[in-house]
J.: 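Sharing a structure with you now.
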Amino acid sequence: MEVYSFLKQKKYSIRAIVIILLVFFAITATNYYTIKILSSIRAYVNGESQYSKAQKNATAHLVDYIYTRNKLSYKHFKKELAVPIADSIARTGMQQSRPYTDIEQALVLGRNHSDDIPGMIWLFMTFQNFPYFKEAIQEWKSADFFVGELDRIAFKIKQRQLDNEDTTQLIERINKINERLTHHQQGFSSVLNEASRVITQSLYYINFIFVILTVAIGSSFGYRLINKLQVTKEELARQNHVKEEFMSIAAHELKTPLTSMKAGLQVLDKFARVTPEAHKVQPFIFNANKQINRLINLVNELLDVTKIEQGKLTITKKKTNLAELINDAVTEASALFPHQIIYLRPLEQTEVMADQQRMLQVFINLLSNAAKYSPKATEIHLWMEQEKEEVRVYIRDFGVGIPEDKVPILFQKFYRVYENETVIQGLGLGLFICRQIIKGHDGDIGVTSDVGEGSIFWVCLPVAD
């Protein structure tokens, strides 16, 4: 059932993520193409403005030509009329799917901005049969017809084919064409503006629907995910509790036989020392005793970690002479390794509020680490500095050092700097326990180190009042 539930949950999660991604892409695509359409419509409206302006200028020059027969006026007429004619050529080219470059060239001659031309061509080719755009194209086509009428009238005037026609009637005829052109130009812009409003309004509704859909799917997925995380959190808490209980029971069960074995080895060691026949086994007894001590230390570390995680690590503080406490730690630690501990300056007689056994455990651990991680060195330096209301104890080794990127995680549980190092034994709990003990004393612990040159561990404690 658990496997089925997991697969069902996973399948739902994948489906929800896929739907959200599809909605996201749909929103992105919708907005992209809507913006592209609106931008292209704007370009056509601007193009119509150029079309209308050029057509009206051409009409004014034609009227001037009728009255003055000034060739320059006719030249200006042709130049201005070339703008709507170029647009007409572009429209015909797009309807007939002529080469892109020909259409582009015609739109440029129609005074359309070069950056707008690709969008204008795309909009025409894609939506020429859609209702709004189809209506706008019809208005454009009708306007082009009257532009052609103006061109034909100008040609006939130049060829003197209309000399017999009354000038007033001719001007009136041109004005009527101009009115019809204005009507179709306004119709073209009106249709595109209406299309722009409809598209913008539709975009609002589409985005609103997409947003609601995304929120609904995300909320459903988030609700299920939160519930799943809560169940997982509770299960992890239960498993951690079971693990802690097991570690506590196992450590206690191991401690009793280890204590008995240590007592037996101590008896055997005394017997071997006074019995000549047993001298040969004394090295084996010494080695066994050393391993028993190591096992006892590991068990004690596991017990301490269990107490820390359960919040049951008791620290009973009383006023303590720190210098004497450090000397006791040095005495015990010196029996464990051959290094010489050198005091760089005499220890000051400073009193702190401390749990003597716990702080002794901290200093012995730091001194032991200094020896373990500097196997080729012969000295360990130790000194103490007091400043205002706190005192610091420094322990320096001349060993392998600690990489800079590993210093921030050095005091984490089960962390070892050199994990592949088989000579240096341990579970990686010592520094974690040390930090918790120091925190219980309202103090701090830290390290500075250079790879290949060694490390300096320091312990900071508040001075007793």
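FYI, the numbering just counts along the sequence from 1.
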J.: Decide side-chain contact (heavy atoms from CB on, under 4.5 Å) for L382 and L344; before the verdict, give the C-alpha distance in whole Å, the side-chain angles of both, and the deciding distance to 0.1 Å.
T.: CA-CA 6 Å; L382 187 149; L344 295 186; over 6 Å; no
J.: Just jot down the side-chain hydrogen bond (donor to acceptor under 3.5 Å, both in side chains) partners of S189, sequence neighbours excluded, or say none.
T.: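 Here the qualifying residues are E48.
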J.: Could you give the side-chain donor-acceptor pairs of residues 450-463 under 3.5 Å, partners two or more places apart or in another chain?
T.:
from	atom 1	to	atom 2	distance (Å)
S455	OG	S449	OG	2.8

J.: With sequence neighbours left out, what residues match Y343 under ring-ring contact (aromatic ring centres under 6.0 Å, His included)?
T.: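 ring-ring contact (aromatic ring centres under 6.0 Å, His included) list for Y343, sorted by chain: empty.
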J.: Looking at every heavy atom in both P84 and D144, which two are closest together, and how far apart are they?
T.: O-OD1, 4.1 Å
J.: Atom NZ of residue position K141 - does it have more than 12 heavy atoms of other residues, nucleotides or ligands inside 6.0 Å?
T.: no
J.: Can you tell me how far OG1 of T200 sits from CG of L38, rounded to the nearest 0.5 angstrom?
T.: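 The CG atom of L38 sits 4.5 Å away from the OG1 atom of T200.
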J.: Should D444 and R392 count as an ion pair when the cut-off is N to O under 4.0 Å?
T.: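 Looking at R392 together with D444, the answer is no, because their closest N to O distance does not fall below 4.0 Å.
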J.: Where do M120 and A43 come nearest, in terms of heavy atoms and distance?
T.: CG-CB, 3.6 Å
J.: Does either side chain, that of E324 or that of Q349, offer a donor lying less than 3.5 Å from an acceptor on the other one?
T.: no
J.: Going by the rule side-chain hydrogen bond (donor to acceptor under 3.5 Å, both in side chains), which residues pair with Q230 if we only count those two or more places apart in sequence or in a different chain?
T.: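 Only E234 meet the side-chain hydrogen bond (donor to acceptor under 3.5 Å, both in side chains) criterion with Q230.
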J.: Contact between I37 and F127 at the side-chain level, heavy atoms closer than 4.5 Å - yes or no?
T.: yes
J.: If you define the side chain from C-beta out and look only at heavy atoms, does anything of D442 sit under 4.5 Å from E390?
T.: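 Result no, sub-4.5 Å side-chain heavy-atom pair not found.
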J.: Would a 4.5 Å heavy-atom cut-off, applied to side chains only, mark Q185 and E139 as touching?
T.: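 No, every pair of side-chain atoms sits at 4.5 Å or beyond.
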J.: For the atom pair CD (Q95) and CD1 (I103), what is the distance rounded to the nearest 0.5 Å?
T.: 10.5 Å
J.: Looking at CZ of F432 and CD of Q412, how far apart are the two atoms once the value is rounded to the nearest 0.5 Å?
T.: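 Rounded to the nearest 0.5 Å, the CZ-CD separation comes to 9.5 Å.
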J.: At what distance, to the nearest 0.5 angstrom, does CD of Q50 lie from NE2 of H113?
T.: 11.0 Å
J.: Sequence neighbours excluded, which residues qualify as side chain to side chain contact (heavy atoms under 4.5 Å, CB included) partners of V83?
T.: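 Per chain and number, V83 pairs via side chain to side chain contact (heavy atoms under 4.5 Å, CB included) with A54, R111.
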J.: Apply side-chain contact (heavy atoms from CB on, under 4.5 Å) to K318 and T320, showing your working.
T.: CA-CA 6 Å; K318 65 179 181 178; T320 302; 4.1 Å; yes
J.: Under the side-chain hydrogen bond (donor to acceptor under 3.5 Å, both in side chains) rule, what pairs show up with a residue in residues 96-106, not counting sequence neighbours?
T.: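 Qualifying pairs, neighbours excluded: Q96-R98.
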J.: Only pairs at least two apart or in different chains count here, so list each salt bridge (Lys or Arg N to Asp or Glu O under 4.0 Å) that has a residue in residues 192-210.
T.: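 Qualifying pairs: E194-R197.
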J.: Between S196 and L192, is there a donor-acceptor pair closer than 3.5 Å when you use the side chain of the first and the backbone of the second?
T.: no
J.: Within this structure, what is the OG1-CD distance for the pair T350 and Q386, rounded to the nearest 0.5 Å?
T.: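 Interatomic distance, T350 OG1 to Q386 CD, rounded to 0.5 Å: 4.0 Å.
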J.: In this structure, which one of D397, V362, V330, I326 forms a side chain to side chain contact (heavy atoms under 4.5 Å, CB included) with L367?
T.: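 Among the candidates, only V330 passes.
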J.: Less than 4.5 Å apart, any side-chain heavy atom of R435 and any of I437?
T.: no
J.: More than 12 heavy atoms of other residues, nucleotides or ligands under 6.0 Å from CD of E379: is that the case?
T.: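 Yes - once you tally the heavy atoms of other residues, nucleotides and ligands closer than 6.0 Å, there are more than 12.
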J.: Kindly say whether N327 contributes a backbone atom to a donor-acceptor pair with the side chain of T331 at under 3.5 angstrom?
T.: yes
J.: What distance do L431 atom CG and N369 atom CG have between them, rounded to the nearest 0.5 Å?
T.: 5.5 Å
J.: Which pair of non-hydrogen atoms, one from D87 and one from G110, has the smallest distance, and what is that distance?
T.: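 Scanning both residues completely, I find the closest heavy atoms to be OD1-CA, 3.6 Å.
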J.: Do NZ/NE/NH1/NH2 and the carboxylate oxygens of E385 and R345 come within less than 4.0 Å?
T.: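 A salt bridge links E385 with R345.
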J.: What residues form a ring-ring contact (aromatic ring centres under 6.0 Å, His included) with F363, not counting sequence neighbours?
T.: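 If we apply the ring-ring contact (aromatic ring centres under 6.0 Å, His included) test to F363, skipping adjacent residues, there are no hits.
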J.: Which heavy atom of A354 sits nearest to which heavy atom of M359, and what is that distance?
T.: CB-CG, 3.7 Å
J.: Do F133 and Y44 have ring centres separated by under 6.0 Å?
T.: yes
J.: At their closest point, which heavy atom of A329 faces which heavy atom of L360, and how far apart are they?
T.: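 Scanning both residues completely, I find the closest heavy atoms to be N-CD1, 3.4 Å.
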J.: Would you say that F130 contacts K134 through its side chain, given a criterion of any heavy-atom pair below 4.5 Å between the two side chains?
T.: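 F130 does not reach K134 side chain to side chain.
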J.: If you take all heavy atoms of G47 and N112, which pair is closest and at what distance?
T.: CA-OD1, 3.3 Å
J.: Does H441 have any ring-ring contact (aromatic ring centres under 6.0 Å, His included) partners at least two apart in sequence or in another chain, and if so, which?
T.: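 Applying ring-ring contact (aromatic ring centres under 6.0 Å, His included) to H441 gives none.
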J.: Donor-acceptor check, side chain of S190 to backbone of F188, threshold 3.5 angstrom: yes or no?
T.: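 Not a single qualifying donor-acceptor pair exists.
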J.: Going by the rule side chain to side chain contact (heavy atoms under 4.5 Å, CB included), which residues pair with F398 if we only count those two or more places apart in sequence or in a different chain?
T.: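 Partners of F398 under the side chain to side chain contact (heavy atoms under 4.5 Å, CB included) test: A377, H381, R396.
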J.: Is there a side-chain contact between M384 and Y394 in this structure, where contact means two heavy atoms from C-beta onward sitting under 4.5 Å apart?
T.: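 Result no, sub-4.5 Å side-chain heavy-atom pair not found.
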J.: Would you say the side-chain atoms of S368 pair up with the backbone N or O of I364, donor to acceptor, closer than 3.5 Å?
T.: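 Yes, because the side chain of S368 sits within donor-acceptor range (under 3.5 Å) of the backbone of I364.
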J.: Are I380 and F337 close enough, and set up right, to give a side-chain contact (heavy atoms from CB on, under 4.5 Å), and what steps lead you there?
T.: CA-CA 11 Å; I380 295 172; F337 47 79; 4.0 Å; yes
J.: With sequence neighbours excluded, tell me which residues meet side chain to side chain contact (heavy atoms under 4.5 Å, CB included) with R42.
T.: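 R42 satisfies side chain to side chain contact (heavy atoms under 4.5 Å, CB included) with S39, N46, D116 only.
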J.: Decide yes or no on side-chain contact (heavy atoms from CB on, under 4.5 Å) for Q201 and V198, but give the supporting numbers first.
T.: CA-CA 5 Å; Q201 189 175 25; V198 171; 5.7 Å; no
J.: Keeping the roles fixed (side chain from S374, backbone from G399), state whether a donor-acceptor pair exists under 3.5 Å.
T.: no
J.: Listed by chain and number, what are the side chain to side chain contact (heavy atoms under 4.5 Å, CB included) partners of E387, not counting sequence neighbours?
T.: none
